[in-house]
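Computed from heavy atoms alone, side chains included, the values below leave out hydrogens, waters and symmetry copies.
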Amino acid sequence: MAAKLSPIVNAEELLNLSNLSEIILIDARAGINAEENFKIEHLQGARYVDLNKDLATVENPANGGRHPLPSLSKFSEVLFKLGISPTSHIVIYDDKNGSNAASRFWWMLKAIGHEHVQVLNGGFQGAIKAGFPVSSEIGSFEAIDNYSISEWKLKTADIEEVEKARNNSESIVIDVRDKNRFDGLTEPLDLIAGHIPGAINVPFSENLDENGLFKSSDALAEKYTAILKDKPSENIIVHCGSGVTACHTLLAMDYAGIEIPKLYVGSWSEWSRNDREMAVKKTE
């Protein structure tokens, strides 16, 4: 039986792969001018995926949050556009240590049952530091048959399930945003600062070492085993602001050998727009 493919690949490992030409490299950098930055410079051979256009269907944040999942048919079209087939070996990078859109695309591919997908440790900057060539050339590739998708196979939670879980001692709701956002001291993206009452704060940044690389699988396993306390994955819900950086923690858990728990895609962006109970900073 073949060993399970690690969800994390280091830049040096990627450079040394004898079948590098068979890898589909995906640039998942997001934010202002992300696509223009890709056109100016990207890892050689990379193809671009857009967080808002390809990995979400942005409509009403009160219904699904700022980055709700696209329909299965739309996601199938995205994979077709990228030349991805069910047997493709995909390596994804961004420029935010995997927390931008690389881990989100990884989760989405895992959620449709795609096996050969990894996130590049250290991302764009780490690859350049390791000597990976960059280019401004946009390569061409052959289109493939539509990727047939029947369902999201990884578990998700909706707002009603989160409401029940936050008041249930047998469940854990994890918020991976930084502590200042969780504490309601600042909120750069959503309308209200604070968090879901009953949630615990485990910032995704704690998955990384001082160099911005993922901590070892053993270190992550020790950390999350202590937090999860043997609770089954169906009793654990992970969220962030809009269901993107939460995937960074799901990736870290998978890397640690822990079964991937539920993702609350709507996250704080949905919760805070629906007249739900909120824990906010108390004014003096």
Do side-chain atoms of D94 reach the backbone of K96 as a donor and acceptor pair under 3.5 angstrom? yes
Check the hydrophobic clustering (I, L, V, M, F, W, Y; side-chain heavy atoms under 4.5 Å; chains of links allowed) and say if W152 and V117 are grouped together. yes
Atom of L14, atom of V9 and distance for their closest heavy-atom approach: N-CG2, 4.1 Å
Ignoring hydrogens and angles, tell me if any N or O in the side chain of W268 forms a donor-acceptor pair with the backbone of I192 under 3.5 Å. yes
Donor-acceptor contact present, side-chain N97 to main-chain L213, <3.5 Å: no
Here the gap from Q118 atom CD to S6 atom OG, rounded to the nearest 0.5 Å, amounts to 6.0 Å
For the side chain of S103 and the backbone of G98, is there at least one donor-acceptor N/O pair under 3.5 Å apart? yes
Are any side-chain N or O atoms of T225 and backbone N or O atoms of A221, one a donor and one an acceptor, separated by less than 3.5 Å? yes
Tell me yes or no: between the side chains of N207 and Y224, is some donor less than 3.5 Å from an acceptor? yes
Please find out if less than 6.0 Å separates the ring center of H248 from that of F214. yes
With the 4.5 Å side-chain cut-off for hydrophobic clustering, are I172 and I196 part of the same group? no
Smallest heavy-atom separation, I40 atom then S136 atom, equals O-CB, 3.2 Å
Supply the atom-to-atom distance I26 CD1 to I92 CD1, rounded to the nearest 0.5 angstrom. 7.0 Å
Looking only at atom types and distance, does a side-chain atom of N37 sit under 3.5 Å from a main-chain N or O of N33, one as donor and one as acceptor? yes
N/O donor-acceptor pair under 3.5 Å between E259 side chain and P232 backbone: no
If hydrophobic clusters are built from ILVMFWY residues whose side chains come within less than 4.5 Å, do I174 and L263 share one? yes
Got a donor-acceptor contact below 3.5 angstrom from the R181 side chain to the G194 backbone? no
How long is the span from the CD1 atom in I200 to the NE2 atom in H195, to the nearest 0.5 Å? 11.0 Å
What closest approach, in Å, do E206 and K215 show between heavy atoms, and which atom pair accounts for it? O-NZ, 3.0 Å
Would you check if the side chain of R47 reaches a backbone N or O of D27 as a donor-acceptor pair within less than 3.5 Å? no
How close do I24 and S88 get, counting heavy atoms only, and between which atoms? CD1-OG, 3.6 Å
Check against side chain to side chain contact (heavy atoms under 4.5 Å, CB included), Y93 and N100: CA-CA 9 Å; Y93 70 87; N100 207 312; over 6 Å; no
Let me confirm one number: the CD1-NZ distance from I236 to K231, rounded to the nearest 0.5 Å. 8.0 Å
Measuring from atom CZ of F182 to atom CG of D175, what distance do you get when rounded to the nearest 0.5 angstrom? 5.5 Å
Per side chain to side chain contact (heavy atoms under 4.5 Å, CB included), S242 is matched among S269, P61, P68 by S269
How far does CZ of F141 sit from NZ of K81, to the nearest 0.5 angstrom? 8.5 Å
If we ignore hydrogens and angles and just use 3.5 Å, is the side chain of N10 paired with the main-chain N or O of E12 as donor and acceptor? no
In terms of ring plane angle, is the pair H42 and F38 parallel, tilted or perpendicular, where the classes change at 30° and 60°? parallel
Side chain proximity check, E13 to N16, heavy atoms < 4.5 angstrom: no
Indicate whether any N or O donor in one side chain lies under 3.5 Å from an N or O acceptor in the other, for Y264 and E270. yes
Does the side chain to side chain contact (heavy atoms under 4.5 Å, CB included) test come out yes or no for Y147 and H114, once each step is laid out? CA-CA 10 Å; Y147 195 132; H114 198 99; 2.8 Å; yes
